[in-house]
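In this chain, numbering begins with 1 at the start of the sequence shown.
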Amino acid sequence: MFIINITVKETLSPEQHESLFIRHAQWFKHYFSAGKFVIVGPYSDRERAGVIIANIDNHHELITILGEDSYYPDLATYEVSEFFPKMIAENLHQLQEL
């Protein structure tokens, strides 16, 4: 699994960001529906930034998927860390805020 922190660069105007975000949202919804992204959400304390927890088999597949994002590669920074979950709370879905 991977944790991906995405931060859109400040050099984008609000108009550019809004128009690209529509495609960005379609992108993460697609991979969420496909089961590749298991948690997606914005940070509460940082604008234009969010996190994805991805259930993807390997780094190569992840890079291919990231390459489809409207901000990739130069309009956002992508901090990627692979991890191995050892414990997962059974009530994880109850933490979701709508």
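Rounding to the nearest 0.5 Å gives a distance of 12.0 Å between CD of Glu47 and OG1 of Thr7. Distance check: Phe28 CZ to Ile4 CD1 gives 12.5 Å after rounding to the nearest 0.5 Å. Atom CD1 of Ile39 is separated from atom CG of Asn55 by 11.0 Å, given to the nearest 0.5 angstrom. Here Leu12 contributes atom CG and Leu75 contributes atom CG; the two are 5.0 Å apart, rounded to the nearest 0.5 Å.
When side chains are defined from C-beta on, Gln26 counts as touching Arg23, because their heavy atoms get closer than 4.5 Å. With a 4.5 Å cut-off on side-chain heavy atoms, Val51 and Ile3 count as touching.
By the side chain to side chain donor-acceptor pair (under 3.5 Å) test, Glu90 pairs with no residue at all, sequence neighbours left out. Under the rule for a salt bridge (charged side-chain N to carboxylate O under 4.0 Å, His left out), the partners of Glu61 that lie at least two apart in sequence or sit in another chain are Lys36. Pro85 pairs by the side chain to side chain contact (heavy atoms under 4.5 Å, CB included) definition with Met1, Phe83, Ile88, not counting sequence neighbours.
Val40 and Ile53 fall into different hydrophobic clusters, where Ile, Leu, Val, Met, Phe, Trp and Tyr side chains are chained together by heavy-atom contacts under 4.5 Å.
When all heavy atoms of Ala76 and Val8 are compared, the pair lying nearest together is CB-CA, 3.8 Å. Across all non-hydrogen atoms, the minimal contact from Leu20 to Ser70 is O-OG, 2.8 Å. The minimum heavy-atom distance linking Asn58 with Phe2 is given by the pair C-CZ, 3.8 Å. In plain terms, the two heavy atoms of Phe37 and Ile56 that are nearest each other are CE2-CD1, 4.2 Å. What you find for Lys9 and Asp74 is that their closest heavy atoms are NZ-O, 3.2 Å.
Ring geometry for Tyr71 versus His24: interplanar angle of 30 to 60°, hence tilted. The aromatic rings of Trp27 and Tyr31 sit perpendicular to each other, their planes meeting at more than 60°, with 30° as the lower class boundary.
Within a 6.0 Å sphere centred on CZ of Phe32, heavy atoms belonging to other residues, nucleotides or ligands number 12 at most.
The backbone N or O of His17 sits nowhere less than 3.5 Å from a side-chain atom of Arg48 that would complete a donor-acceptor pair.
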- Quick one: do Ile65 and Tyr72 satisfy side chain to side chain contact (heavy atoms under 4.5 Å, CB included)? Show the steps, please. CA-CA 10 Å; Ile65 290 171; Tyr72 193 85; over 6 Å; no
